[in-house]
Amino acid sequence: MSREIKGIILSRLIVLASLILVPIAIFVIYNLADFNLWFSNDPTLKGVLIKVLCPTIFSISWLFFLILFINRLANTLDDFDKVISVVPSRLKFFYGINAIYILFIFVFPIITPVIAVLSFASFAWRLTTFRKKRWEEDTKISLVTWIMMGIFAILPIFCAIIVLPEFFSLAIFLWRVIWVPNIDILFTISYSLFTALAIGSFILLFYTSGVSEYEQLFAEPSDKGKFLNVKILEIFLFGFFMFLDFGNYEVIDLFYIAGFVFIIITSIVNFFQGKTKVISFKSHLFGYIIAAVFIGSNVIFSTNDLAGFLRIWSLVISAVLYIIVFFYTFLVAE
């Protein structure tokens with residue numbers, strides 16, 4: 001079942017927003033980043049190719065791709081939410097943002113030229129085959145169609161050759177200068193949010209008639225007011241834990257350990273309560289794998305002598321796992 005906000009289907013809203021934000025993001029990147037042409041120092045040529053032609057070609061390509069698969073993308077978001085339903089909400093948010101960041105600085109630049117070539121080749125295919133009303137398995141693509149697909153693919157290939165080396169430099173810069181130095185801040189926010197919501201989830205086990213955390217969709221309507229009270233408490237605890245952590249108060253470690261214990265207990269109870277109370281309740285292998293990586297990297301790795309190294313790679317591994325599950329869900333979505 002799709003999540004809704006005041007009658008608006010959230011997955012559809014996200015896809016609609018992506019139709020607007022993706023082209024904007026592409027133009028922002030190409031106009032703010034100091035990309036250079038490897039074959040010319042002419043500033044006018046650089047402006048035309050880097051700031052106008054490339055973002056235009058890539059924006060059109062992404063728009064075509066998003067529109068072509070608009071229903072599949074929306075269904076993917078719905079299915080993906082079910083697959084990772086066992087992941088605590090605080091970790092969905094934090095590692096979801098981290099996965100988007102990894103996707104944006106590493107995956108997005110690399111696959112954009114591929115998307116562009118496929119999209120423009122698809123333009124040619126559709127233009128030369130639009131008269132066909134029915135396709136059979138043994139239908140052959142004409143020579144004219146293949147030639148047009150090749151011609152249409154020349155421009156995006158040219159744009160890819162122009163900027164791809166610069167994208168690698170940009171990704172390395174973002175990784176070293178922006179992402180890695182802020183790892184500690186990101187984890188402090190994550191730990192504080194994790195612990196506050198873990199305590200809230202534990203309280204909900206005894207405060208409501210339904211199961212808590214990710215199974216709240218099945219809770220009784222009479223419990224909605226209780227959920228609100230607990231959410232207010234979680235906001236207060238989140239701010240309190242942030243204060244303790246940034247203030248270097250050692251007592252914060254006890255709260256973090258308590259949060260880890262609470263979330264383990266809550267997850268186990270939720271699983272068995274969900275199986276008992278909700279006929280349609282299902283567990284998902286991918287979701288549990290992600291949950292294990294997320295929770296382990298949040299607590300176990302934070303107390304290790306190699307915390308800095310493990311923090312970075314736990315984020316990378318969990319983000320990659322997140323991305324793989326998303327792409328897998330996209331491929332199998334109805």
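Reckoned from all heavy atoms, side chains included, excluding hydrogens, waters and symmetry mates. Residue indices begin at 1 and follow the sequence shown.
- Atoms CG and OG1, from Leu49 and Thr44 in turn, are 10.5 Å apart once rounded to the nearest 0.5 Å.
- For Thr112, the side-chain contact (heavy atoms from CB on, under 4.5 Å) partners are Phe58, Trp62, Phe108, not counting sequence neighbours.
- Applying the 4.5 Å side-chain rule to ILVMFWY residues, one finds Ile20, Ile24, Val28 in the same cluster as Leu32.
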**Report entry** CA sep, side-chain torsions, deciding dist, call: Leu16, Arg12, side-chain contact (heavy atoms from CB on, under 4.5 Å)
**Finding:** CA-CA 6 Å; Leu16 178 61; Arg12 271 61 180 173; over 6 Å; no
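- Atom CD1 of Ile203 sits about 8.5 Å away from atom CZ of Phe262, to the nearest 0.5 Å.
- The side chain to side chain donor-acceptor pair (under 3.5 Å) test applied to Asp79 returns no partner, not counting sequence neighbours.
- The side-chain contact (heavy atoms from CB on, under 4.5 Å) check on Val251 picks up Leu244, Tyr249, Leu254, Phe255, with sequence neighbours excluded.
- Partners of Phe236 under the ring-ring contact (aromatic ring centres under 6.0 Å, His included) rule, at least two apart in sequence or in another chain, do not exist in this structure.
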Report task. For the pair Ser18 and Val15, evaluate side-chain contact (heavy atoms from CB on, under 4.5 Å) and give the outcome as yes or no after the intermediate values. Result -> CA-CA 5 Å; Ser18 67; Val15 174; 4.3 Å; yes
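- Every side-chain contact (heavy atoms from CB on, under 4.5 Å) that Leu21 has, sequence neighbours left out, goes to Ala17.
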Side-chain donor-acceptor pairs under 3.5 Å in residues 153-165, sequence neighbours left out?
none

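- Under the 4.5 Å side-chain contact rule for hydrophobic residues, Leu63 and Leu127 share a cluster.
- Taking every heavy atom of both residues into account, Leu68 and Arg126 meet most closely at CD1-NH2, 3.0 Å.
- Considering only residues two or more places apart in sequence or on other chains, Asp253 meets the side chain to side chain donor-acceptor pair (under 3.5 Å) condition with none of them.
- The line from CD1 of Ile70 to CG of Leu19 is 5.0 Å long, rounded to the nearest 0.5 Å.
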Report task. Go through the steps to decide whether Thr56 and Phe27 satisfy the test side-chain contact (heavy atoms from CB on, under 4.5 Å), and finish with yes or no. Result -> CA-CA 8 Å; Thr56 300; Phe27 272 93; 3.6 Å; yes
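- In this structure, Phe64 CZ and Phe69 CZ are separated by 8.0 Å, a value rounded to the nearest 0.5 Å.
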Query - Worked check of side-chain contact (heavy atoms from CB on, under 4.5 Å) between Ile199 and Phe241 - result: CA-CA 12 Å; Ile199 294 175; Phe241 295 148; 3.8 Å; yes
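- Partners of Lys46 by salt bridge (charged side-chain N to carboxylate O under 4.0 Å, His left out), not counting sequence neighbours, listed by chain and number: Asp34.
- Note that the CD1 atom of Ile29 and the CD1 atom of Ile50 stand 13.0 Å from one another [nearest 0.5 Å].
- Here Thr188 pairs with Ser192, Met242, Asp245, Phe246 under the side-chain contact (heavy atoms from CB on, under 4.5 Å) rule; sequence neighbours left out.
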List, one per line, each side-chain donor-acceptor pair under 3.5 Å for residues 116-123, sequence neighbours excluded.
unit_1 : atom_1 : unit_2 : atom_2 : d
Ser119 : OG     : Ser61  : O      : 3.1
Ser119 : OG     : Ile115 : O      : 2.8

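- Residues passing the side chain to side chain donor-acceptor pair (under 3.5 Å) test with Thr329, sequence neighbours excluded: none.
- Val114 and Leu331 sit in two unconnected hydrophobic clusters of ILVMFWY residues. Membership requires side-chain heavy atoms under 4.5 Å apart, directly or through other members.
- Side-chain heavy atoms closer than 4.5 Å link hydrophobic residues (I, L, V, M, F, W, Y) into clusters, and following such links, possibly through other members, connects Ile324 to Leu73.
- Smallest separation of non-hydrogen atoms from Ser11 and Leu77: O-CD1, 3.6 Å.
- Ile252 and Ile235 sit in two unconnected hydrophobic clusters of ILVMFWY residues. Membership requires side-chain heavy atoms under 4.5 Å apart, directly or through other members.
- Under a hydrophobic clustering in which Ile, Leu, Val, Met, Phe, Trp and Tyr are joined whenever their side-chain heavy atoms come within less than 4.5 Å, directly or via other members, Tyr30 and Val48 fall into different clusters.
- Within the model, atoms CG of Leu45 and CG of Leu53 stand 10.0 Å from one another, a figure rounded to the nearest 0.5 Å.
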